[in-house]
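Small disclaimer: the values here were computed from a predicted structure and weren't measured. FYI, side chains are in, hydrogens and waters are out, and symmetry mates aren't considered; it's all heavy atoms of this structure.
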Amino acid sequence: EPEVTQTPSHQVTQMGQEVILRCVPISNHLYFYWYRQILGQKVEFLVSFYNNEISEKSEIFDDQFSVERPDGSNFTLKIRSTKLEDSAMYFCASSEAPPGLTQYFGPGTRLTVL
Amino acid sequence: GDSVTQMEGPVTLSEEAFLTINCTYTATGYPSLFWYVQYPGEGLQLLLKATKADDKGSNKGFEATYRKETTSFHLEKGSVQVSDSAVYFCALRNAGNNRKLIWGLGTSLAVNP
């Protein structure tokens, strides 16, 4: 069964460093998403992406964040200058074109900022 | 804004016990409702969904009915197994072009043999 994959599973970085989290969505999906979950808190939407552009972003997704689909398979989340409060589990998801409703999630990347 | 409230965990049950995890929501319009499950060390998996009032979603013995009158989508299972131990998340997706999921806090379930 097709699945969303994410790498790395765990990333440790120093405050102020740039990180890139990678995702490979399901191959025939057209909508891509990033969510994050800070330990003990709710899963939060960050951004959705369709047709090579951001379709929606939350207030969390400020100028420090960017997303890219650099080729036909990868979908990346970049954090330019990490802060301690960026420590979280980051989930990538993908879904089909309408009328598909189901978002399929990857296993997540745990980001630890020291 | 839209929100989801889940009963707090952890929930600890013995095998074969009946499970209910409460979920209520606040939303404008007519959202779709979801339960996702996260097994230890794994990602978020869709467990079941319902897209309109009175729909019942079901999967792996779990059920949830979309109750518009009580704005609820409670998860139930008649007889839990040890393998059901996981964190369960209730979520909604509102209508329109907005595709983001709004999540509850998650409820941890531990089933003892």
Side-chain angles (χ1 to χ4, degrees), chain A residues 1-7 9-10 21 23-26 29-51 53-61 67 88-110, chain B residues 1-10 23-27 29-52 55 57-60 64 66 73 86-108:
Chain A
E1 185 174 327
E3 57 182 20
V4 177
T5 59
Q6 289 185 243
T7 54
S9 56
H10 191 189
L21 310 183
C23 169
V24 179
I26 294 173
H29 286 185
L30 299 178
Y31 289 84
F32 314 113
Y33 313 82
W34 284 101
Y35 293 82
R36 78 173 185 190
Q37 185 182 28
I38 296 171
L39 189 64
Q41 299 185 23
K42 291 186 177 185
V43 177
E44 302 171 289
F45 168 78
L46 293 178
V47 65
S48 60
F49 190 87
Y50 170 69
N51 200 25
E53 60 182 27
I54 291 173
S55 53
E56 187 185 3
K57 60 182 181 180
S58 71
E59 59 275 9
I60 303 168
F61 194 87
V67 290
M89 181 73 88
Y90 288 79
F91 293 104
C92 173
S94 68
S95 66
E96 296 174 322
L101 291 178
T102 301
Q103 295 180 20
Y104 294 86
F105 284 78
T109 293
R110 179 163 296 286
Chain B
D2 297 347
S3 66
V4 174
T5 303
Q6 277 181 248
M7 64 184 281
E8 289 191 25
C23 171
T24 57
Y25 68 90
T26 302
Y30 302 96
S32 296
L33 302 172
F34 305 83
W35 277 100
Y36 279 82
V37 59
Q38 186 177 30
Y39 297 103
E42 299 185 17
L44 297 160
Q45 301 175 26
L46 178 69
L47 181 60
L48 53 85
K49 66 183 182 185
T51 58
K52 60 183 188 297
D55 267 2
S58 61
N59 185 25
K60 299 181 182 179
Y66 188 149
F73 192 55
V87 181
Y88 293 82
F89 293 89
C90 185
L92 72 81
R93 173 189 170 273
N94 219 325
N97 293 326
N98 179 335
R99 288 180 164 262
K100 68 181 180 186
L101 289 169
I102 308 293
W103 298 81
L105 193 53
T107 303
S108 175

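Proximity to chain A (any heavy atom under 4.5 Å) is restricted, for B:Leu46, to the side chain, taken from C-beta onward. Of the atoms belonging to B:Gln38, it is side-chain heavy atoms, and not backbone ones, that fall under 4.5 Å from chain A. Contact of A:Gln37 with chain B is made through the side chain alone, with heavy-atom distances under 4.5 Å.
Counting heavy-atom neighbours within 6.0 Å of B:Tyr30 OH, excluding the residue itself, gives a total of 12 or less. More than 12 heavy atoms of other residues, nucleotides or ligands lie within 6.0 Å of CD in B:Glu42, so this atom counts as buried by the packing criterion.
A:Phe105 CZ to B:Phe89 CZ: the interatomic distance, rounded to the nearest 0.5 Å, is 10.0 Å. A:Glu3 CD to B:Gln45 CD: the interatomic distance, rounded to the nearest 0.5 Å, is 9.5 Å. Distance check, rounded to the nearest 0.5 Å: NZ of B:Lys100 to CD of A:Glu44 gives 11.0 Å.
Shown here for B:Leu101 and A:Tyr35, the closest heavy-atom pair between the two residues is N-OH, 3.0 Å. Of all non-hydrogen atoms in A:Lys42 and B:Leu105, the two that sit nearest each other are N-CD1, 3.5 Å.
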